[in-house]
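Residue numbering restarts at 1 for every chain, and letters A, B, ... go by the order of the sequence lines.
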Amino acid sequence: MTGAGINPTVGSATTRISANRVGKWFGEVIAVNNCTLNVGNGVVGLLGANGAGKSTLFKMLAGLIEPSHGSVRVFGSRLRDEVGWFRRVGFCPESDALPDWMTGREFLSLMLRLMGYDKVEVNRRVDYWLDRFELTGDAGRRLGGYSKGMRQKTKLAQALAHDPDVIFLDEPLNGMDPVSRKQSIDLVRELGEAGRTVMVSSHILPEVESMTSQIILIDRGKVLAEGSVTEIRDKIPEHPTTVALESANPRRLAAFLIGREHVVGVEVDERGRVVVRTDHALGFYRALPAWVLDNELALEEIMTLDDSLEAVFQYLTEH
Amino acid sequence: MTEVTKDKTIPAGQYLEMPAPMPSLGAILWIAWFSFREMARRRRLISLGLINLLPVMVVASIRIWFPDEGITAQQQLASLSHDTFITFLIPIVALAVGVSAIGEQVEDGTIVFMWTRPIRRRAIFLGRLLAAQTVSWLLLSLSLVLCFIVMVSEGPQIITWEFLRLYFQTFLIIGLGTFTYAALFATMGTFFKKPVLPAIIFAFGWENLVANIPARIQEWSLSFHLQNLVDRPPVDTTDLPGILGALLATVIQRDPVPKLQSIAVLLVVMVVATILGIWLLRQKEIEK
């Protein structure tokens, strides 16, 4: 699950991005430590606090910095050496730096020109992406005069305009207004559904949750966990999960569950739900139907109360 | 119209061949063109432009205040080329434009947009360098053109074949010097995080020091080889300053080396600096 070893692929079974025991240190500071991961198609969120090593990992994957040890591959190749793959890779940096003297249209046109497109195709794509990000009206203005959100959208547009298969988006929603944020989230989901590999980093949990359930948790340079939120929860048996059960007879259900396998606590909350704390969510879910049927317990609905990224992230980073 | 094309799934392990990188020549020209536009807009170009008026002011001063001193246009050109352009203007312009050609983009993080295109890093370096060299050369050439205008305002009689030959020779010498210095400074800018100080030490410390040491040590400076290419009219030794000048030249300067040797040295320095710069850029990592 973490650190070294062969990992299952996050996303689909098609591995497009892989890192094997990769690490990077700057002087005495360890930015990324012994990370191993495999990413298939779909959207994968790289989640971690500021300074966790997300951007360094992204830059290593995109070939912008060389790992101190280990190896990274995209399409099975080292991007740093085999630059032709950049025709199929998009990268949106976290840094706000843009050539401020250029207009938005000039910048996007140049980026596409350097992808090898002819003038007609460049214009078509530039028009489309300016329109998609609602930048058409400002296309003739210098980037230096753009707001933070507009700059962010310009960076996103240059990463996507050549229709890449693998996309790295480093904190792409920074500085965006709520409407643009929603549009960008929808776009990322659309890209994932279209079979692209989108790695998107953020330190804001709801952002990542809104884009994908496939996550890689990173903290202090180490990959703590990867997979879907539920998978991660199941891989942490000692982490208590809280499940709420709606029942017509909550007291009977609660009395039955006390002392059962995987159940570490039971109470009835103010809404009349039976709230169960389990030390192994998967085991509990597997056993529950048999308990209900064999003992004729009334059970109407099951809800996992703390299956959010927030809960998982807090648990993992605190341990 | 939808830009997000569907079904981009590639079966595991069945990667396509690497798409071809953009042809280097096309990439170099595109990068050079947009870099040229970027460099031509820099504010520091205004101050550089003002410094480049220095030779024009010298020529105008001679024209206004010493019209009857017998200083020929050829002598003025040779003197400007030898003492103003080569020892001062070429290094300072190439330094100001060259050190920032690559290093500034790496420092501010905008190089990331180049590095994530299907372009080899050598094309990025060469494109940026070509732009820096062209901007520097145009700036210096503008100065030379203004000098020409001031000189010919004296009358058409000064436009002789010898004058024109010397004039175009000066253009070429300035071009060669600018291209060589700019390559060297661009490489320094790629290597050093703060390249200005080492570049100044080289341009005005090393170059001046070495160029004035007698014997073959002089040949270790670029300015020696550039000055060696200038055809200097014979020195007038009938007056005291002329005699002293000739004496000093005898003491300090060794016999000129063949011009072809100087051209070869300058070209080798330019090529080696460029290759080194490309290698350094390949090792470079983005920090922002």
Main-chain N/O of A:E66 paired to B:E285 side chain as donor or acceptor, under 3.5 Å:
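Present.
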Do A:R80 side-chain atoms and B:R282 backbone N/O form a donor-acceptor pair below 3.5 Å?
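At least one qualifying donor-acceptor pair exists.
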Part of [X] lying under 4.5 Å from any heavy atom of chain B:
X: A:E106; result: side chain
X: A:I65; result: both
X: A:F168; result: neither

What heavy-atom pair brings A:P99 and B:T110 nearest, and what distance separates the two atoms?
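Looking at all heavy atoms of both residues, the shortest contact is N-CG2, 3.9 Å.
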Out of B:R117, B:R120, B:E38, which one racks up the most heavy-atom pairs below 4.5 Å with chain A?
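Winner by heavy-atom pair count: B:R117.
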Separation of [Y] [atom2] from [X] [atom1] (nearest 0.5 Å):
X: B:I31; Y: A:L114; atom1: CD1; atom2: CG; result: 5.5 Å
X: B:F34; Y: A:M111; atom1: CZ; atom2: CE; result: 6.0 Å
X: A:L64; Y: B:T116; atom1: CG; atom2: OG1; result: 6.5 Å

Answer yes or no: is there a side-chain heavy-atom contact under 4.5 Å between B:R42 and A:W101?
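No, every pair of side-chain atoms sits at 4.5 Å or beyond.
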Do B:F113 and A:F91 have their ring centres less than 6.0 Å from each other?
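No: the rings miss the under 6.0 Å criterion.
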